[in-house]
Amino acid sequence: MIDFVKDVRLWFAPERVRDEGETPDYRFSLANERTFLAWIRTALALVGGGFAVDQFLPDLRWGVRVGMAFALLAVGAACALRAVNHWVRCERAMRRGKDLPVSRFPVVLSLGVGLVAAAMVVVVLLGWTAGR
């Protein structure tokens, strides 16, 4: 719990990560940053997909449309938050000379996107529109 609070504080003051351990090879820090940016791109795509479902599928039943849009938006928000948390945790681990942290989040993200994709396949196959 203490590490989590410290991690969250580092979200808003990333320069304080330098207080821990030794400076790692810059290539590793830059790779960590590129990974962070990839997670952010994924989050933006999920948020955009959520808005697209809501705005561009008006004939879809309201509950189905809102449910899929909300799922994509929620997973996108979680992905963005997880990106910064993972960046901090990895940076701290590298500076401390420890193993990089493991995460179950990729599984959660994959399941979330997979479930929404499966729901969209069902909607397309069954043609769940407001008129039916």
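All residue numbers in this chain count up from 1 along the given sequence.
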How many angstroms lie between [atom1] in [X] and [atom2] in [Y], if you round to the nearest 0.5 Å?
| X | Y | atom1 | atom2 | answer |
| --- | --- | --- | --- | --- |
| T23 | E91 | OG1 | CD | 9.0 Å |
| Q55 | L57 | CD | CG | 10.0 Å |
| R61 | M68 | CZ | CE | 12.0 Å |
| N85 | C90 | CG | SG | 9.5 Å |

Taking all atoms of both residues into account, what is the closest heavy-atom pair of [X] and [Y], and its distance?
| X | Y | value |
| --- | --- | --- |
| P106 | W39 | CG-CH2, 4.1 Å |
| D54 | A69 | CB-CB, 3.9 Å |
| A71 | V116 | CB-CG2, 3.5 Å |
| M94 | F28 | SD-CB, 3.5 Å |
| H86 | P101 | CE1-O, 4.2 Å |

Determine whether [X] and [Y] make a side-chain contact, defined as any pair of heavy atoms from C-beta on separated by less than 4.5 Å.
| X | Y | answer |
| --- | --- | --- |
| L72 | V47 | no |
| R95 | R18 | yes |
| V113 | L46 | yes |
| V75 | F70 | no |
| I40 | V84 | no |
| V17 | V88 | no |

Between [X] and [Y], is there shared hydrophobic-cluster membership here, with clusters defined by ILVMFWY side-chain heavy atoms closer than 4.5 Å?
| X | Y | answer |
| --- | --- | --- |
| F36 | L81 | yes |
| L125 | V64 | no |
| L10 | V8 | yes |
| W87 | L44 | yes |
| V53 | L111 | no |

Distance-only side-chain donor-acceptor flag, R89 / S103, under 3.5 Å: no
Within a 6.0 Å radius of atom [atom1] on [X], are there more than 12 heavy atoms belonging to other residues, nucleotides or ligands?
| X | atom1 | answer |
| --- | --- | --- |
| E22 | CD | no |
| D99 | CG | no |
| R9 | CZ | no |

query: Would you call R92-E20 a salt bridge at under 4.0 Å N-O?
result: yes
